[in-house]
Amino acid sequence: MAPLASISNSTSLEKKPVSWNNLALGAALNLFEVSSLGQPFEVLKTQMAANRSQSIGTAFRSVWQRGGVRGFYQGLIPWAWIEASTKGAVLLFTASEAEYYARAAGASPFLAGIFGGMAGGIAQAYSTMGFCTFMKTVEVTRHKSGAHVSTFRIAADIYKKEGFMGINKGVNAVAVRQCTNWASRFGITRFTQDYIIKSRYGDSPDAHLQATALDKALASIVGGSLSCWNQPIEVIRIEMQSQVERPGRPKNLTIVTAFKYIYAEHGAKGLFKGVVPRIGLGVWQTMCMVALGDYFKEFFGTK
């Protein structure tokens, strides 16, 4: 994403060259995000969405019983690390390019942020996120007996039975989620940041240069929280990838059939199960990728 500070009110926009530094920065930021608070939020969210009768307290205890603190990092190695090391780079690079072209075409920072987020999110989903997200969900929702089974063995077995489509189950739902996720996060964060800057520092062309880290963090918190409006597609995605077996659960779920199944079983509330830990995840991710991303891109001169 092109940082707000790099796009002034000037009539000319400078096209930045492809930066490998941006790709490395995106990977590093996402690895930090998922290895700290990101994965615990992800595991708790998945547990609740896959077991929709559980409260947040029950889900927490269920995860804890699967290994204590380690239970909250199920799927981190290698799947979350593979996903993080690639999707962060893809997001920053693709969104930066898309946001630049949108601004060059005359779009406002708000609309350009939305367009950049959509492009980055879609690119994420169809690169490596499909199978990595699927395997993370498998690790959280599969039945675990006393015998240790390698996660690579599980992935190989699924591939043998169901092929490429099997390990990319739910990828279209991932694409819808990522597209709407980052369009919302980038757009709302940019809009909020612009509003904060205008309110605090006025409308002068260099007002954006006065924005503090706190200003950007506040905008990121707002963007991360409000972007969770699309929780239903996330619950649908988890249901499509879940290994939890229930009587009457349809086989080979699609986005539509998963929606019907969830709604029939739990109503509208079921479609928003797990939204609280997802808000925490959204805030943390957005702070890492938007606020910290802007800061480090400016620091290293990779804007």
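Along the sequence shown, residues are numbered consecutively beginning with 1. As a basis for the values below, the full set of heavy atoms in this structure was taken, side chains included, without hydrogen atoms, waters or symmetry mates. Predicted, not measured: the structure shown is a model, and the values here were computed from it.
- With ring centers used as reference points, F152 lies under 6.0 Å from W79.
- Applying the salt bridge (charged side-chain N to carboxylate O under 4.0 Å, His left out) test to residues at least two apart or on different chains, none of the pairs has a partner in residues 105-120.
- Every residue was checked against the salt bridge (Lys or Arg N to Asp or Glu O under 4.0 Å) condition with K260, not counting sequence neighbours, and none meets it.
- Residues meeting the side-chain contact (heavy atoms from CB on, under 4.5 Å) test with A156, sequence neighbours left out: none.
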Please table the atom pairs, donor to acceptor, closer than 3.5 Å between any side-chain atom in residues 119-126 and protein atoms at least two apart or in another chain.
{"unit_1": "Q124", "atom_1": "OE1", "unit_2": "Q178", "atom_2": "NE2", "d": "2.4"}
{"unit_1": "Q124", "atom_1": "OE1", "unit_2": "W182", "atom_2": "NE1", "d": "3.3"}
{"unit_1": "Q124", "atom_1": "NE2", "unit_2": "K87", "atom_2": "O", "d": "3.1"}
{"unit_1": "Y126", "atom_1": "OH", "unit_2": "N172", "atom_2": "OD1", "d": "2.8"}

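- Here salt bridge (charged side-chain N to carboxylate O under 4.0 Å, His left out) pairs that include residues 169-185, with residues two or more places apart or in two chains, are E162-K169, R177-E234.
- Residue pairs that meet the side chain to side chain donor-acceptor pair (under 3.5 Å) test with at least one member in residues 273-282, sequence neighbours left out, are N181-R278, N230-R278, Q231-R278.
- Residues satisfying the side-chain contact (heavy atoms from CB on, under 4.5 Å) test with L218, not counting sequence neighbours, are I196.
- Residues forming a side-chain contact (heavy atoms from CB on, under 4.5 Å) with S242 (at least two apart in sequence, or on another chain): A50, T141, V244, R249.
- The other residues sharing a hydrophobic cluster with V174 are M129, where clustering joins ILVMFWY side chains under 4.5 Å apart.
- With sequence neighbours left out, S53 forms a side chain to side chain donor-acceptor pair (under 3.5 Å) with no residue at all.
- Hydrophobic cluster membership for M118: F110, L111, I114, F191 (Ile, Leu, Val, Met, Phe, Trp, Tyr linked by side-chain heavy atoms under 4.5 Å, directly or transitively).
- With sequence neighbours excluded, the residues forming a side-chain contact (heavy atoms from CB on, under 4.5 Å) with P277 are F41, L44, K45, M48, I56, listed by chain and number.
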